[in-house]
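In what follows, every chain begins at residue 1, and chains take the letters A, B, ... in the order their sequences are listed. Scope of the values below: all heavy atoms of this structure, side chains included, with no hydrogens, waters or symmetry mates.
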Protein chains: 2
Amino acid sequence: MKENLRPGGRSARVQASVHKAVRELLAEMSRTDVTIPLIAGKAGVTPSTIYRRWGDLQELLADVAVERLRPDMQPIDAGSGKADLEAWAEQYAEEMSSGPGREMIRDVLAAQTGENACKCCEYTRQQIVVIADRAKVRGEIFPEVDLVMDQLVAPIMYRILFGDVPDSARVRDLVTRVMSAGGRA
Amino acid sequence: MKENLRPGGRSARVQASVHKAVRELLAEMSRTDVTIPLIAGKAGVTPSTIYRRWGDLQELLADVAVERLRPDMQPIDAGSGKADLEAWAEQYAEEMSSGPGREMIRDVLAAQTGENACKCCEYTRQQIVVIADRAKVRGEIFPEVDLVMDQLVAPIMYRILFGDVPDSARVRDLVTRVMSAGGRA
DNA sequence: GCCATTAACGCAAAGAATTTGCCTTTGCGA
DNA sequence: TCGCAAAGGCAAATTCTTTGCGTTAATGGC
């Protein structure tokens, strides 16, 4: 794979217009009504182009979803590691358990390629790393990033995926627990 | 929904033969090659029957997957709460991270109906409850079931879903942590 | 036990999506 | 500039999905 995605390339243009078409269609109709011929029409390409590049609708949706799941900013600085983590976790839980959030996660996980799911996990991890680094610079005690992934991110995501939306109180509990459980310099 | 599934009913027969056909087809070919007409042919029904009952392939696969994810036995008794949990968690992680295991989870999560995912989570929870009850009968200290779900099951599942297969050592660490973290009578 | 009711299925035709072969265009490097 | 290789357009063939209508099987009242 050569990943011919230089800004001016034809591949890049096609990808951009197809992604844009998907985002617009998802915004204006139900996910189950979106089809590849529809996307192709809106994007100004032929369906066969999409089939050849993405294989099927599932993969295309996963591709678009993972892009939308990329954080668009650093976690806000709330003054301390715990406050940072609390603020971040609440926002994360809220975004991910919203209708569109759940659909994006589903799209990412439903794709055959595990690659997109990895990316998605990596984005989250990076956010935690930023918070952890900030805490370390302040000289605070902060748990290992892996511990936060296991004890905070994983439970939030598990509940969202398996039917039970976590509320703010529970998220705060999780934060408190992870902060007291594995702290170290 | 009336759930006309008495053993002798026609609905029950159709469901059984369709499920069986799906299981057999999944065993002998790739998931992406399985189609509804194929299943219908093998099950001895017409495709329209399947479309009307399940809606699409995704829902049917989810239906079959959740059935296969139902535990077929109680967690083994290894002598103590911690040993029970360790044995159970290792087996769970292994089954779920195997190729077929991952596919079943994906199928369940990819379906639009969250119902199947809930069931799946409930099955797991029940297994933990059994282990917890057994520990309590023995007079042992054992953590709350919710805590075990958050700190053991969720991390295992998160890693499986988002690309990183947990090995035995990590599973044991998780068990140790949850046993020491939240123990109570 | 028999008949009316209704939900589910089979069949087949119509409609929509997917695959594929072949040709053209585009971007890249010699 | 030219040739090469990768990607896209087009259209035909195939396959899947939807739907209307008639039939069958299970259920409940009598």
**Request:** Report the distance from atom CD1 of B:Ile36 to atom P of D:dT19, rounded to the nearest whole Å.
**Result:** 14 Å
**Asked** Does the B:Arg53 side chain pair with the main chain of B:Ser11, one donor and one acceptor, at a distance under 3.5 Å?
**Response** yes
Taking only N/O atoms, report every protein-nucleotides 21-23 of chain C pair under 3.5 Å with atom names and distance.
unit_1: C:dG21; atom_1: O6; unit_2: A:Arg52; atom_2: NH2; d: 2.7

**Prompt:** Under the ring-ring contact (aromatic ring centres under 6.0 Å, His included) rule, what pairs show up with a residue in residues 65-114 of chain A, not counting sequence neighbours?
**Reply:** A:Trp88-A:Tyr92
**Message:** Let's see if you get this right: which residues in residues 24-35 of chain A place a heavy atom under 4.0 Å from DNA chain D?
**Reply:** none
**Complete:** Applying side chain to side chain contact (heavy atoms under 4.5 Å, CB included) to B:Gln126 and not counting sequence neighbours gives B:Glu122, B:Val129
**Message:** Strictly below 4.0 Å: does B:Thr49 bring a side-chain N or O up to OP1 or OP2 of C:dC9?
**Reply:** no
**Request:** Tell me, please, which residues at least two apart from A:Asp146 pass side chain to side chain contact (heavy atoms under 4.5 Å, CB included).
**Result:** A:Arg125, B:Arg159, B:Arg170
**Asked** Rounding to a whole Å, what distance do you find between A:Trp54:CH2 and D:dA7:C1'?
**Response** 12 Å
**Message:** Please enumerate all residues that pass salt bridge (charged side-chain N to carboxylate O under 4.0 Å, His left out) together with A:Glu90, with sequence neighbours excluded.
**Reply:** A:Arg172
**Request:** Identify, with sequence neighbours excluded, every residue that meets side chain to side chain contact (heavy atoms under 4.5 Å, CB included) alongside B:Lys42.
**Result:** B:Ala21, B:Glu24, B:Leu25, B:Glu28
**Request:** Applying side chain to side chain contact (heavy atoms under 4.5 Å, CB included), name anything that partners B:Glu94, two or more places apart in sequence or on another chain.
**Result:** none
**Fill in**
Across all chains, not counting sequence neighbours, the salt bridge (charged side-chain N to carboxylate O under 4.0 Å, His left out) partners of A:Arg31 are A:Asp107
**Asked** Quick one: is B:Arg13 getting a side-chain N or O under 4.0 Å of the D:dT24 phosphate, OP1 or OP2?
**Response** no
Would you mind writing out the side-chain donor-acceptor pairs for residues 65-78 of chain B within the sub-3.5 Å range, not counting sequence neighbours?
unit_1: B:Arg70; atom_1: NH1; unit_2: B:Tyr123; atom_2: OH; d: 3.4
unit_1: B:Asp77; atom_1: OD1; unit_2: B:Gly79; atom_2: N; d: 2.9
unit_1: B:Asp77; atom_1: OD1; unit_2: B:Arg138; atom_2: NH2; d: 2.8

List, one per line, each side-chain donor-acceptor pair under 3.5 Å for residues 99-106 of chain B, sequence neighbours excluded.
unit_1: B:Arg102; atom_1: NH2; unit_2: B:Ile160; atom_2: O; d: 3.4

**Asked** Could you give the CD1-to-P distance, from A:Ile39 to C:dA17, as a whole number of Å?
**Response** 11 Å
Under 3.5 Å between N/O atoms: give me all the protein pairs with nucleotides 2-7 of chain C, atom names plus distance.
none

**Complete:** By nearest-heavy-atom nucleotide on DNA chain D, the more 5' of A:Val14 and B:Pro37 is A:Val14
**Message:** Measuring from atom CG of A:Asp84 to atom CZ of A:Phe142, what distance do you get when rounded to the nearest 0.5 angstrom?
**Reply:** 7.5 Å
**Prompt:** Can you check the A:Arg53 CZ to C:dT26 P distance for me, whole Å?
**Reply:** 16 Å
**Request:** Could you state the atom-to-atom distance from CG of B:Leu60 to P of D:dC16 in whole Å?
**Result:** 15 Å
**Message:** Without decimals, in angstroms, what is the distance between A:Ile50 CD1 and D:dG8 P?
**Reply:** 10 Å
**Distance, rounded to the nearest Å, where B:Gln15 contributes CD and D:dA25 contributes P** = 20 Å
